[in-house]
Every structure is written in C-alpha cells, then in structure tokens.
Amino acid sequence: MPELVFFSGTMDCGKSTLALQIEHNRSARGLQGMIFTRDDRAGEGKLSSRLGLVTDAVEVEDGMDLYAYLVDHLSHGGRADYVIADEAQFLAPEQIDQLARVVDDLGLDVYAFGITTDFRTKLFPGSQRLVELADRVEVLQVEALCWCGARATHNARTVGGEMVVEGAQVVVGDVNQAEAVGYEVLCRRHHRRRMTAATAHAAALSPDVLPVPQTT
C-alpha cells in the first residue's frame with residue numbers, strides 16, 4: 001500500500017541526504033520521481049545536502065496545488081512513480097493535505113522530509129499537519145550533536161553567534177553560519193540557557209566571577 005511517510009529530525013541530521021539517497025536508489029531501478037522543495041539553501045528549484053550533493057526539483061510556491069500539479073503532469077504524458085517533498089516544514093497545511101491525496105487517490109508513495117519545530121520550539125504548521133496525517137513518522141537515526149557533545153534536539157537561530165528567540169518563523173540560513181542569520185543545533189539544556197558554541201566559548205574565556213582563594 002502506498003504511504004505518506006514523514007522523516008523528521010533537527011537540522012544537520014541528514015534529512016536531505018536521505019532524500020537524495022531514496023531518489024538515487026529508485027532511479028537506479030528505473031523508477032522516476034517527482035521532487036518538490038521549498039527554500040533550499042542551494043537556491044530555487046534545488047534539493048541539496050551539506051555533503052555537496054544536489055539535484056533539480058520543483059520549487060513550491062505559495063498557493064500551489066501539489067495534487068493538481070501532479071495530475072496535470074501525468075495527464076500530459078509525464079511519469080511519476082513516487083514523490084519526494086523536502087523542506088516540508090515550509091509547506092502550508094493544505095499542501096500537506098494535497099500530498100495525502102496524492103497517496104490516496106493517485107496511489108503514489110510520498111516521502112516528506114523536514115524539521116518539526118522552529119527556533120522557538122514551536123511546531124511548523126506543515127510539520128504539525130504531517131504528524132497528524134502521515135502513515136508513519138520516522139525520526140532519523142543520525143543524531144546531530146550539540147556543541148557540548150550531547151544529542152541535539154532543538155534548532156536555534158543565531159545572529160552573530162548569539163541565539164535569538166524572536167522574529168519571523170521562516171528565515172533561510174544554514175547551520176554554523178556566524179555572519180548575519182545562521183542556525184545551530186543544541187541540546188534542550190543549552191537551548192533553554194540560550195548558550196551557543198560562540199557564547200559558550202566567550203564565557204570560557206571570561207575572567208572568573210568569584211575570586212579564587214589563595215593558598216600559602
């Protein structure tokens with residue numbers, strides 16, 4: 001039976017790499033997929049991973065009907081044996097409903113990849129709808145790590161290395177990007193403390209707050 005599968009994880013845990021691997025494995029068996037993406041770091045109409053792999057994709061726009069797009073593609077002699085939707089957290093809830101309809105009415109597997117929560121630990125609307133509708137939710141097993149070495153569970157937005165908790169939900173950036181707007185994955189403890197790698201390093205270099213007793 002065809003499925004809607006949501007592959008979820010923090011930034012920097014290999015979601016796009018897995019999407020590209022699924023595309024490679026199926027195309028090697030003669031299958032042809034339809035790839036959707038939105039706001040990829042490589043630019044419009046691209047699906048890319050931080051390992052340097054990239055492929056062409058259909059850029060999803062506001063108000064775009066993904067089900068209608070696929071029906072039109074198939075009606076004009078195009079082929080699609082499965083669907084990949086990367087950066088699915090940026091899709092509107094109604095577009096997630098359209099992907100579910102692709103599974104149910106067109107009989108195609110849909111593999112959606114995205115992060116669940118934003119830099120404020122709030123659910124993205126697209127990810128929330130995926131959790132509600134998906135046949136399966138798979139948490140990726142490649143764990144991203146906080147700067148302290150613990151498992152990273154939260155996405156932090158940074159400006160000049162310092163964590164910020166206000167602003168628009170969607171601002172495109174990348175992990176470990178010190179200039180302007182960047183992102184960093186943190187464990188819950190350091191996300192709560194707003195302690196990024198840069199601020200932790202600065203704190204380590206600061207003089208001791210309390211005097212150290214002198215021994216004679």
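If you're wondering where the values come from, they're calculated on a predicted model, not measured in any experiment. In what follows, every heavy atom counts, from backbone to side chain, and hydrogens, waters and symmetry copies are set aside.
- Both cation-pi conditions hold for R101 and Y67: the charged atom is under 6.0 angstrom from the six-membered ring centre and inside a 45 degree cone around its axis.
- Note that CZ of R157 is 15.5 Å distant from CD of E162, once rounded to the nearest 0.5 Å.
- For the residue pair E23/Q21, the side-chain donor-acceptor check at 3.5 Å is not satisfied.
- A donor-acceptor contact under 3.5 angstrom links the side chains of S8 and T116, judged on distance only.
- Atom CD of E3 has more than 12 neighbouring heavy atoms from other residues, nucleotides or ligands inside a 6.0 Å radius.
- For CZ of R79, the number of neighbouring non-hydrogen atoms (other residues, nucleotides, ligands) closer than 6.0 Å is greater than 12.
- Side-chain contact between I22 and I84: present, with at least one pair of heavy atoms (C-beta onward) separated by less than 4.5 Å.
- Residues M34 and H73 form a side-chain contact, since some pair of their non-hydrogen atoms from C-beta on lies under 4.5 Å apart.
- Hydrophobic clustering of Ile, Leu, Val, Met, Phe, Trp and Tyr side chains at less than 4.5 Å, counting indirect connections, keeps V102 apart from Y82.
- Note that CG of L130 and CG of L123 are 11.0 Å apart. Values are rounded to the nearest 0.5 Å.
- Remark: the backbone N or O of F124 is not paired with any side-chain donor or acceptor of D118 at under 3.5 angstrom.
- Atom-to-atom distance recorded for L133:CG and Q128:CD is 10.5 Å, nearest 0.5 angstrom.
- Using a 4.5 Å cut-off between side-chain heavy atoms of Ile, Leu, Val, Met, Phe, Trp and Tyr, with links allowed through other members, L140 and L145 fall into different hydrophobic clusters.
- To the nearest 0.5 Å, the span separating SG on C148 from CE on M195 amounts to 10.0 Å.
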Pair E61-E44, side-chain contact (heavy atoms from CB on, under 4.5 Å): steps then yes or no: CA-CA 10 Å; E61 304 290 346; E44 183 173 339; 3.9 Å; yes
E94 vs Q98, side chain to side chain donor-acceptor pair (under 3.5 Å): CA-CA, chis, key distance, verdict: CA-CA 6 Å; E94 56 267 26; Q98 293 156 13; over 6 Å; no
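- Smallest separation of non-hydrogen atoms from V58 and Y69: CG2-OH, 3.6 Å.
- The side-chain heavy atoms of D109 and V103, taken from C-beta on, include no pair separated by under 4.5 Å.
- From Q89, atom CD reaches atom CD1 of I115 across 4.5 Å, with rounding to the nearest 0.5 Å.
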Derivation of the ring pair (Phe, Tyr, Trp, His ring centres under 6.0 Å) call for Y111 and F6: CA-CA 6 Å; Y111 306 103; F6 180 32; over 10 Å; no
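- Residues A88 and I96 approach most closely at O-CD1, 4.2 Å, considering heavy atoms.
- Hydrophobic clustering (side-chain heavy atoms under 4.5 Å, transitive across Ile, Leu, Val, Met, Phe, Trp, Tyr) groups L74 together with L66.
- Applying the side chain to side chain contact (heavy atoms under 4.5 Å, CB included) test between L70 and each of V110, L99, D105, L106 identifies L106 as the sole match.
- The pair D86-K15 does not meet the salt-bridge criterion, since no charged nitrogen lies less than 4.0 angstrom from a carboxylate oxygen.
- For the pair D135 and V5, the minimum side-chain heavy-atom distance is 4.5 Å or more.
- Look at D56 and K46 and you find a salt bridge, because one of the NZ, NE, NH1 or NH2 atoms lies within 4.0 Å of a carboxylate O, short of that distance.
- Comment: E59 does not engage R38 in a salt bridge, judged by the lack of any side-chain N to carboxylate O separation of less than 4.0 angstrom.
- In terms of heavy-atom proximity, G161 sits nearest to T199 at O-CG2, 4.0 Å.
- No more than 12 heavy atoms of other residues, nucleotides or ligands lie within 6.0 Å of NE2 in H24, so this atom counts as exposed by the packing criterion.
- Residues D39 and E87 are not in side-chain contact: their nearest non-hydrogen atoms beyond the backbone lie 4.5 Å or more apart.
- Side-chain atoms of S75 come within 3.5 Å of backbone atoms of V71 as a donor-acceptor pair (strictly under, hydrogens ignored).
- The two residues A57 and L47 come nearest to each other via the heavy atoms CB-N, 4.2 Å.
- Between H154 and C187, the shortest heavy-atom contact is ND1-C, 4.5 Å.
- Both V164 and V185 belong to a single network of hydrophobic side chains, linked directly or stepwise wherever heavy atoms of I, L, V, M, F, W or Y lie under 4.5 Å apart.
- In this structure, R192 places its CZ atom where only 12 or fewer heavy-atom neighbours from other residues, nucleotides or ligands lie under 6.0 Å away.
- Applying ring pair (Phe, Tyr, Trp, His ring centres under 6.0 Å) to F113 and the options F90, F7, F36 leaves one that passes, F7.
- Here CG of D97 is found 10.0 Å from CG of L4. Values are rounded to the nearest 0.5 Å.
- The two atoms that bring L108 and D81 nearest to each other are CD2-O, 3.7 Å, heavy atoms only.
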